[in-house]
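Both backbone and side-chain heavy atoms feed into the values below; hydrogens, waters and symmetry mates do not. Since the structure is predicted, the reported quantities are computational estimates derived from the model, not experimental observations. Counting begins at 1 with the first residue of the sequence. When a ligand or atom number is given, it counts from 1 through the structure's own listing order.
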Amino acid sequence: MQKRFLSWLLSLSVGWAVLPAPLAAQQCPKVLPCDSLASPLTVTLWQNLRRYAPAGIMVGHQDALSYGVNRKGNGEHSDIREVAGAHPAVYGWDIGGLEMGRNANLDGVPFDEMRQNIQRAYLNGGINTISWHAFNPITGKDSWANTKRPNPTVRKMLPGGPAHQAFKQQLDLVAAFFHSLKGPGGEAIPIVFRPWHEHSGNWFWWGKMHCTRDEYIQLYRFTIEYLRERHQIHQMLIAFSPDVGFTDAATYLERYPGDDMVDIIGLDDYHSLRTHQPGQLIRHLEIISTIAAEKHKVAAFTETGVTDLSERNYFMEELFPCLNHSDKTRAIAWVLFWRNHDEQQHYVPYAGHPAADDFIRFTRQELIWLNNELPDFYGRLNTSEKQQ
Ligand code: BMA
């Protein structure tokens, strides 16, 4: 089916999440999330993600509601809204530091505020995705510390290892935070959890050089099983997100923890466009899109961006042509830009930024969705409002 036609058809139903039955059936065989006990709301979100992924690519931004460049957030503003008129559709958060019992994450975002902003994003109809720059349970140091040479932490965290109890205590804190993410009716807010990311590099202590394939897979599986089974967390869609360095499906899947552990076939790729290699980015996107289609999962561009935004028309001349290259690249569900820390490190323009016009043009493409263009992902209009 031509993307444009599908997109038009879907636009008729945006806000109602209703497709003509034959198309809905054809596009979306009933496939459940990898957690067989996923909450009904999580199942609804998952099925809508699968349904709408071919039609649009959602814009995501890390810490969008928490702060912007030269601006402390109050939950109402985001740099993307200041520039393009609407919030991002996907909201990225990071819980690094939570497992240490801290009140704020590694970038200074208080967890109480993060919880409120996750609630806001959910009420806006957006999607929350949570990464975890975990501190080392043995040394208490950050994710990057002691990674120049092989670091044996993962092996020690596994069942039977000397740091296993400490690791479980960390997961207990993560579970408590996830349990505290509730909507107005007390419902658990669905989240995309993206643990142990960029494991194909060596810069984090769970990276490739620091553990064997089996150890990594055990770490991943233990994390998810413990949250599901010990803590009854059933509001998670799980994202697997290697960094660059793979050349085909087999190399991408080298440390894949299993279909029962993953919903989102992700990609973190800053490298390809930073080094002006659009062909490589397209190949990566097509590989994850193909894997997602074969496995009945959803593909997402889970982290990207460049910091030299003023020197290039990054959004329309570099990124958009890659996203819009083929049906496969267009089937990516979202692209998440990293955080707007300061004038040196930011991945989307802020008010008055020289790249603002380029970004606005990007967000106005039919394929690219901000929060105000989203379908009814949580099925809210299927119930009370529709009956009135
Ligand atoms: C990195 C940088 C750091 C930050 C980390 C986790 O890319 O933005 O400043 O601490 O991500 O958010």
Mind checking ring pair (Phe, Tyr, Trp, His ring centres under 6.0 Å) for Tyr67 and listing every partner two or more places apart, or none if nothing turns up?
-> none

Partner residues of Glu215 under the salt bridge (Lys or Arg N to Asp or Glu O under 4.0 Å) criterion, sequence neighbours left out | Arg155

With ILVMFWY side chains joined below 4.5 Å, transitively, what does Val43's cluster contain besides itself?
-> Leu32

May I ask you to check whether Asn146 and Trp205 show a side-chain donor-acceptor distance below 3.5 Å?
-> no

Going by atom types only, do Thr212 and Asp214 share a side-chain donor-acceptor pair under 3.5 Å?
-> no

In chain-and-number order, ligand 1 lies under 4.0 Å from a heavy atom of each of Leu106, Asp107, His133, Trp144, Trp338, Arg339, Gln345

Check whether any side-chain N or O of Thr329 sits under 3.5 Å from a backbone N or O of Leu323 as a donor-acceptor pair, and report yes or no.
-> yes

